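The next block holds one structure in the form of structure tokens; read it before the comments.
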Amino acid sequence: MSEPRGTAASAAGAAPGAAGAAPGAVGSGLAQGAAAFSKSEMMIVAAARELAGQRVCFVGVGLPNIAVNLARLTVAPELELVYESGAYGAKPARLPLSIGDPTIVTGATAVVSMFELFSFYLQGGLVDVGFLGAAQIDRFGNINSTVIGEYEHPKTRLPGSGGACEIAINARQVFVIMRQSKRSFVERIDFRTSPGNLGGAEAAARIRREEGWLGRGPSVVVTDLGIYHFDDAGEMRLDSIHPGATLEQIRETIGWEPGVAEPLATTPAPTPEELRLIREQLDPEGAYTK
Amino acid sequence: MSEPRGTAASAAGAAPGAAGAAPGAVGSGLAQGAAAFSKSEMMIVAAARELAGQRVCFVGVGLPNIAVNLARLTVAPELELVYESGAYGAKPARLPLSIGDPTIVTGATAVVSMFELFSFYLQGGLVDVGFLGAAQIDRFGNINSTVIGEYEHPKTRLPGSGGACEIAINARQVFVIMRQSKRSFVERIDFRTSPGNLGGAEAAARIRREEGWLGRGPSVVVTDLGIYHFDDAGEMRLDSIHPGATLEQIRETIGWEPGVAEPLATTPAPTPEELRLIREQLDPEGAYTK
Amino acid sequence: MSKVTSMRDAVAAFVHDGDVVAIEGFTHLICFAAGHEIIRQRKRDLTLARLTPDLIYDQMVAAGTARKLVFSWLGNPGVGGLHAIRRRVEDADPAPLELEEYSHFGMVGRYTAGASNLPFFPLRSYFETDLPKANPLIRPIRSPFGEETVYAVPPLKPDVTIVHAQRADADGNTQMWGLLGCQKEAAFAADRVIVVVEELVEESVIRADPNRTVFPGLIVDAVVVEPFGAHPSYVQGAYDRDNRFYRDWDAIAREASTTQAWLDEWVYGVTGRAEYVEKLGAERVAGLRPSGEAPSGSVDYGVYK
Amino acid sequence: MSKVTSMRDAVAAFVHDGDVVAIEGFTHLICFAAGHEIIRQRKRDLTLARLTPDLIYDQMVAAGTARKLVFSWLGNPGVGGLHAIRRRVEDADPAPLELEEYSHFGMVGRYTAGASNLPFFPLRSYFETDLPKANPLIRPIRSPFGEETVYAVPPLKPDVTIVHAQRADADGNTQMWGLLGCQKEAAFAADRVIVVVEELVEESVIRADPNRTVFPGLIVDAVVVEPFGAHPSYVQGAYDRDNRFYRDWDAIAREASTTQAWLDEWVYGVTGRAEYVEKLGAERVAGLRPSGEAPSGSVDYGVYK
């Protein structure tokens with residue numbers, strides 16, 4: 001991907017192509033009886049499945065948006081979509097480019113001011129899952145979407161927090177979607193925009209409790225290569241590897257030696273129905289999935 | 001009047017008869033060429049005239065409500081009525097009993113939540129005049145509408161602040177309407193619900209400035225006997241005596257020796273047009289004025 | 001999933017002895033029907049929160065449901081005092097009643113903090129008054145910017161908030177118009193929410209005008225359809241405030257005996273709101289209808305595919 | 001008293017060099033027409049406040065109107081970066097640009113404090129992040145109840161806030177629907193307010209639905225009638241977001257020269273919005289209309305006499 005800022009698939013909006021596969025990076029995965037699928041399609045499907053049983057989801061634009069809509073059509077029919085722009089219970093008739101599109105308003109259950117959205121819905125503890133993307137993430141799920149380099153003299157100026165900082169603190173749990181690379185999965189992030197498990201699970205749990213955060217922090221990281229959850233120490237652990245990906249690829253695109261579950265699962269490939277929904281219904285133009 | 005609490009003609013609502021004349025107390029005022037009028041009518045007219053040039057008025061129920069509506073029809077055609085219940089720019093088709101009547105909503109310019117009304121309109125400094133009534137007032141215009149007697153063991157439990165406390169602090173100026181009596185115009189109030197000129201003008205001005213209050217405090221007290229403004233020391237000074245009232249009556253119904261302007265004006269009696277508006281248009285049933 | 005249920009079942013399921021209960025509505029949309037059902041079910045030791053306790057809390061206090069009031073203005077608006085409450089406060093008759101007292105904005109700020117999960121809400125009020133002395137939960141707070149000090153009130157999180165509205169769908173997505181008071185804040189602040197409506201509507205009616213939605217079904221536990229459930233309070237566009245009853249109550253409540261007789265007849269003596277309305281009589285009800293329609297007009301959200 | 005005036009006169013009268021200017025609107029109702037007029041009038045040294053600077057501030061920064069941004073998310077939503085702004089931030093090209101940075105809720109809280117005359121607004125954000133280090137105006141505040149500490153942001157009071165809306169009357173009583181962002185708070189917080197509308201309506205249209213009013217004429221200084229004034233942003237029910245332009249801008253803004261050429265053609269090269277719309281062409285405009293109507297329906301406020 002050409003620009004680090006493009007990886008910020010935050011709820012505040014991000015480049016649709018950026019958090020997805022780079023042009024031409026068509027996935028090689030091919031499960032038994034399944035059609036070929038792209039890495040982006042695998043990410044979307046994996047993220048959607050993680051939403052099973054969830055009720056209220058704070059939607060970011062790009063991959064989170066399509067993943068959430070796929071979940072509504074498959075594993076989480078009761079899922080309510082909250083957009084930080086103020087729409088609740090949105091039923092978008094098309095996938096919007098920005099999170100403030102008129103299609104998320106027409107036919108929504110409620111449209112409220114941002115004061116109300118952030119105060120009563122998010123800070124009030126009604127959001128079960130918030131999605132974040134990032135330019136950089138560390139092993140503890142701490143996230144940078146502000147700058148690469150020094151804050152005062154940035155090498156690359158990224159979008160900044162938007163709502164990411166308060167989502168990380170107040171959403172009951174946080175899902176991260178981003179492509180792996182040595183530039184983005186780093187030992188040390190340049191700026192902490194959104195807190196994850198801080199320096200480790202124990203201290204993070206204590207601080208969250210003492211400071212009255214409602215959020216438990218990051219619970220899953222879905223990448224183009226696999227699915228990570230967090231171990232008892234609060235570190236990302238590879239729990240499932242996508243079909244076609246290798247542990248070598250995983251290690252080449254991550255700035256630390258990641259924990260790997262034993263046994264390591266293989267992510268079930270997208271089903272024909274999942275692929276049909278993505279290709280025919282959610283993103284017929286392939287804006288997010290090519 | 002039968003109960004001290006009845007005197008609280010605060011913006012939070014009060015007994016219509018209470019801040020007005022007691023039953024049977026028909027005014028004896030009779031100016032040249034004018035019809036007979038009641039003490040309540042004189043109070044209403046005097047209060048309405050004080051509103052000349054004002055723009056936004058926070059309306060209490062009872063006498064303030066009728067005074068404000070009379071002002072709109074006479075000296076202050078641009079006056080905008082704000083009800084703490086959330087209506088702005090109300091044009092009530094009838095005089096409501098409570099300040100939350102449906103008639104203040106239909107045809108209003110805006111209807112907003114109380115959060116918004118108190119935050120943006122009142123605390124935000126948009127209200128030029130707030131009306132307060134009280135069970136007790138002292139010479140500095142400090143007001144009690146909470147209890148007679150000790151707070152923990154009240155002789156009479158009054159309604160309490162409602163919005164009076166924040167009106168006294170945030171409205172640009174405060175108008176007080178109440179009938180004079182030794183029980184209500186007292187040397188020392190039992191509880192300070194709404195701050196006036198505190199212990200004197202100089203300290204009050206300093207405190208208001210230092211604490212960032214937007215309100216300058218009480219500017220006029222209209223009673224059934226006369227009109228008071230505040231002198232340089234921050235004390236009520238009788239500037240005008242109503243036709244028919246005497247200085248002796250004034251002194252008999254006030255718990256301290258009030259300052260009296262020299263020369264002391266006589267309040268012009270209600271004009272035939274003012275009386276017509278009150279009797280035929282605003283209060284044809286005489287609920288507020290008998 | 002429908003949350004529609006009867007008032008009896010809603011109160012039985014979601015109002016418990018000892019709860020902090022908020023039946024909000026600033027003169028408008030006060031749910032007397034729910035208050036009466038709480039009386040009929042003989043709930044006890046409630047803490048009743050409301051800006052203006054109004055007649056409904058005078059009745060609930062008279063019926064012995066409450067041990068405490070949290071409030072900002074205690075009166076019968078435009079008429080006078082609340083006599084049952086005053087008997088308990090002034091004479092401990094038949095028992096003392098605890099009071100926790102704020103100003104209107106203080107109460108609104110408390111609900112707002114409760115709804116927002118904030119530990120306090122700041123406001124420019126209370127300066128140089130006796131209120132912080134009377135209530136130690138009104139506390140000064142220093143701004144971290146400059147030297148200014150304002151006051152703070154603590155969050156109020158009712159166990160249950162009961163809201164009356166013009167309409168909701170079966171999931172509890174609720175719309176109202178006219179005076180909004182602080183029902184939104186009180187509902188978001190609450191652990192449980194009961195919505196009582198004049199009219200149950202299809203989800204499509206709600207979704208046609210999403211800006212009119214005051215709160216979503218997400219926070220609602222029960223939807224009760226009870227037309228005229230706000231009487232003697234009113235519902236904008238549906239019926240008028242019954243000022244005659246507000247005036248009548250002043251005489252009724254002056255004595256404990258007449259108060260109890262009224263409760264016997266109008267609360268214990270009826271099974272629910274439908275019977276209350278029947279007892280009120282068609283003429284009285286008809287007399288409270290608006291004299292005409294005042295339509296809002298329709299706006300266009302547009303179809304975007 | 002009519003406040004209706006031209007965009008040229010409104011900007012000339014109410015936007016001054018050195019002002020703090022807020023053109024708000026969260027993707028919806030962003031008043032590009034006003035931003036372009038500010039560019040044409042060559043205003044200088046502005047501090048531009050907005051949650052999401054968006055293309056309009058990228059254009060205003062490129063045109064040299066601004067010395068500082070106050071913001072929470074700096075990007076072209078769904079597309080990428082804001083290149084003119086990045087040139088100034090990363091390379092001081094052609095001059096440095098001061099940044100003052102919050103989160104979305106922090107900016108909303110700042111406007112809310114400004115509108116409410118509060119010295120600060122508290123929120124549960126910023127814990128354990130580098131944002132308070134990057135911006136010393138994000139400060140911890142201890143609750144006076146218990147041991148909790150949250151963060152506070154200072155009030156933001158723009159010299160002028162510019163709001164685009166579906167409709168207003170000549171006095172500036174303003175109604176909007178769809179995403180409301182934080183325009184209400186930004187308008188109440190401001191010293192001066194310019195309202196730009198798609199449609200000027202009679203006062204009676206506003207008064208027919210008072211709950212739809214976002215703010216009253218009381219706080220409004222000028223009303224400008226400028227249909228399509230939000231393009232390439234959108235107006236719910238009137239026209240769609242022009243995503244094609246948002247994508248095109250990414251290429252236009254990558255070089256200073258192409259950016260200036262665009263400004264020459266589309267801003268300096270037209271006298272105002274009407275000419276801009278004409279230049280855009282009837283076909284492009286028609287293509288942005290909604291594909292159908294989605295009426296809100298009407299509610300009844302009732303006549304009470």
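This is a predicted model, so every value here is computed, not measured. Per chain, numbering begins at 1; letters A, B, ... match sequence-line order.
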field: Neighbourhood of chain A inside residues 131-142 of chain D, taking heavy atoms under 4.5 Å as contact
entry: D:L131, D:A134
- request: Under 4.5 Å, counting heavy-atom pairs only, tell me which of D:G178, D:C182, D:A92, D:G75 racks up the most with chain A.
  value: D:G178
- request: Pick one of side chain, backbone, both or neither for A:D101, based on which atoms fall under 4.5 Å of a heavy atom in chain D.
  value: both
task: Identify the heavy atoms of D:E101 and A:R157 that sit nearest to each other, and give their distance.
output: OE2-NH2, 2.5 Å
- prompt: Does the side chain of A:N144 come within less than 4.5 Å of D:D130's, by heavy atoms?
  reply: no
message: Holding to salt bridge (charged side-chain N to carboxylate O under 4.0 Å, His left out), I want the full list of residues that pass it with D:R67, two or more places apart in sequence or in another chain.
response: D:E98
- request: Flag yes if more than 12 heavy atoms outside A:R188 fall under 6.0 Å of its CZ atom; otherwise flag no.
  value: no
- prompt: By a 4.5 Å heavy-atom criterion (distance strictly below it), what part of D:F121 contacts chain A: side chain, backbone, both, or neither?
  reply: side chain
task: Sort A:L214 into side chain, backbone, both or neither according to what part of it lies under 4.5 angstrom from a heavy atom of chain D.
output: neither
- line: By residue number, those in residues 286-296 of chain D with heavy atoms under 4.5 Å from heavy atoms of chain A are D:A294
message: For a quick check under 3.5 Å, do A:Q123 and D:S125 share a side-chain donor-acceptor pair by atom type?
response: no
field: A:T103 versus chain D, the contacting section by heavy-atom distance below 4.5 Å
entry: neither
- line: If you tally heavy-atom pairs under 4.5 Å between each of D:V214, D:V89, D:T149, D:D240 and chain A, the highest tally belongs to D:D240
message: If you compare all heavy atoms of A:P195 against all heavy atoms of D:T129, which two are closest, and at what distance to 0.1 Å?
response: CD-CG2, 3.5 Å
From CD (D:E148) to CD (A:E210), nearest 0.5 Å: 11.0 Å
field: Expected output: side-chain A:E166 to main-chain D:H104 donor-acceptor under 3.5 Å
entry: yes
query: For atom CD of A:E202, is the number of surrounding heavy atoms from other residues, nucleotides or ligands below 6.0 Å larger than 12?
result: no
query: When heavy-atom pairs shorter than 4.5 Å are enumerated against chain D, which of A:T106, A:N142, A:I143, A:V147 gives the highest number?
result: A:T106
- request: Heavy-atom pairs under 4.5 Å with chain A are the metric here; pick the option from D:T27, D:L180, D:V108, D:L123 that has the most.
  value: D:T27
query: Do the side chain of D:R124 and the main chain of A:E211 share a donor and acceptor less than 3.5 angstrom apart?
result: yes
query: Could you give the distance from CG (D:L99) to CD (A:E152), rounded to the nearest 0.5 Å?
result: 9.0 Å
- prompt: Is chain D contacted by the side chain of A:Y151, its backbone, both, or neither, given a heavy-atom distance below 4.5 Å?
  reply: side chain
query: Which atoms of D:T112 come close to chain A, meaning under 4.5 Å heavy atom to heavy atom: side chain ones, backbone ones, both, or neither?
result: side chain
- request: May I ask you to name which of A:A87, A:S194, A:S119 has the most heavy-atom pairs under 4.5 Å with chain D?
  value: A:S119
message: Just verifying a value: how many Å separate A:S161 OG and D:F105 CZ, rounded to the nearest 0.5 Å?
response: 12.5 Å
Would you give me the side-chain donor-acceptor pairs under 3.5 Å for residues 107-117 of chain A, sequence neighbours excluded?
from: A:T109; atom 1: OG1; to: C:R207; atom 2: NH1; distance (Å): 3.4
from: A:T109; atom 1: OG1; to: C:R207; atom 2: NH2; distance (Å): 3.2
from: A:S113; atom 1: OG; to: A:E116; atom 2: N; distance (Å): 3.2
from: A:E116; atom 1: OE1; to: C:K184; atom 2: NZ; distance (Å): 2.7
from: A:E116; atom 1: OE2; to: C:K184; atom 2: NZ; distance (Å): 3.1

field: Which atoms of D:F71 approach chain A - backbone, side chain, both or neither, heavy atom under 4.5 Å
entry: side chain
- request: Could you tell me whether the side chain of A:E84 reaches within less than 4.5 Å of the side chain of D:W73, counting heavy atoms only?
  value: no
message: Is it true that, when you exclude D:E147 itself, more than 12 heavy atoms of the residues, nucleotides or ligands shown sit nearer than 6.0 Å to its CD?
response: no
